S.K.: 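Can you read through this structure? Questions will come right after.
Fair warning: this is a prediction, and the values are worked out from it, not measured in the lab. Each ligand, and each atom within it, is numbered from 1 in the order the structure gives.
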Amino acid sequence: MSAQPFSYLGESIAPGTRKHLEIDVGRLPSGTMLSLPIEVLHGVEDGPTIWLSGAIHGDEIVGVEIIRKVLAVLDPTQLAGTILAMPVVNVFGFVNESRYLPDRRDLNRSFPGSKTGSLAARLARMFVDQIVAHCSFGLDFHAGSNDRTNLPQLRGNLDDPETLALATAFGAEVMIHARPAAGTLRAATLRRGKRVLLFEGGEPRRFSAEAVEAGVPGALRVLHALGMIDQAPTSPMGASLLSRKSRWVRASRGGIFRLGVALGQHVERGDPVGVIADPIGAVGTPIRARNGGVVIGHTVNPLVNLGDALLHVAEIQSVNQAVAP
Ligand SMILES: [Zn+2]
């Protein structure tokens, strides 16, 4: 069926067009107004309304590039449904190259937010009211947190068959079923009966090529699986590994950590995965995997203290065949 105009933020957006909008989110101490960019693509045919979001953690900028590249290949005259793209959600953290808001709050622990709370709570509430409320599904792009890099991976409620189908269509190397922590966008979205997948890839303050190369075609395959676009790149992976349990290997002493494995590498329980040593000398303390699985993240900072997270291993439960688009 042909789509009707889309009413959004006081605008009427005609079928087959895209519109750039800005939402005011307040002033900096300098008096400068800050606003959040939103790109709306309204298709010519009826279909779902979905969102694409990036930089909820302000320094996790890889999603900004993934969303830019996805929007560059989409044509609203060839689209069914509507896309609300908000590539820089935590604009305060983004301009400061920080994960947090200026008051050190984590936006992804501030959902569903409130209209009278902290800046993070207000931003979270704005996102819920202006984005989540209009959508049936969202894709939220993240990267590893401070000094960590992640294998491109998806996280979501994979016990839900439709979410699992969309995650399988995305075709990331690994998908992880995980309950959302309290205060996260995922928790707030699920509570409203909507679906969401979280993408993780690369490290903060960098455009990881692997993450961009996984994220752009993966997002397009999800749009295809939702019936919003006719064609999407085929998945080179063939299969996604499904995990329900992951564990960090932690430093058994302080020192200089030499990593012995790479992202995506399979390890067995007890395998050597690196060494922690002193600045001088050949001998060090071997570090071993606590569980078998795939390395999905690791520290990129060799200077470690006792108990620091060194690498993240996901136990593999099953292999999901990718669906050819
Ligand atoms: Zn994040």
S.K.: Would you mind reporting whether Leu241 and His266 have side-chain heavy atoms less than 4.5 Å apart?
M.R.: yes

S.K.: Could you name all protein N, O or S atoms found under 2.8 Å from the Zn ion (ligand 1)?
M.R.: His57 ND1, Glu60 OE1, Glu60 OE2, His142 ND1

S.K.: With sequence neighbours excluded, what pairs up with Phe141 under the ring pair (Phe, Tyr, Trp, His ring centres under 6.0 Å) test?
M.R.: Phe199

S.K.: Name the residue from Ile287, Val267, Val249 that meets the side chain to side chain contact (heavy atoms under 4.5 Å, CB included) definition with Val261.
M.R.: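 Single pass found, and it is Val267.
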
S.K.: Which side-chain N or O atoms in residues 28-44 pair as donor and acceptor under 3.5 Å with protein atoms at least two apart or in another chain?
M.R.:
residue, atom, partner, partner atom, Å
Ser30, OG, Thr32, N, 3.3
Ser30, OG, Thr32, OG1, 2.9
Ser35, OG, Glu22, OE1, 2.5
Glu39, OE1, His20, ND1, 3.0
Glu39, OE2, Arg18, NE, 3.2
His42, ND1, Thr82, OG1, 2.8
His42, NE2, Gln4, O, 2.6

S.K.: Which pairs count as ring pair (Phe, Tyr, Trp, His ring centres under 6.0 Å) when at least one residue sits in residues 52-90, sequence neighbours excluded?
M.R.: His57-His142

S.K.: Would you call Leu139 and Phe170 a side-chain contact if the rule is heavy atoms closer than 4.5 Å?
M.R.: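 Side chain of Leu139 against side chain of Phe170, heavy atoms only: contact under 4.5 Å found.
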
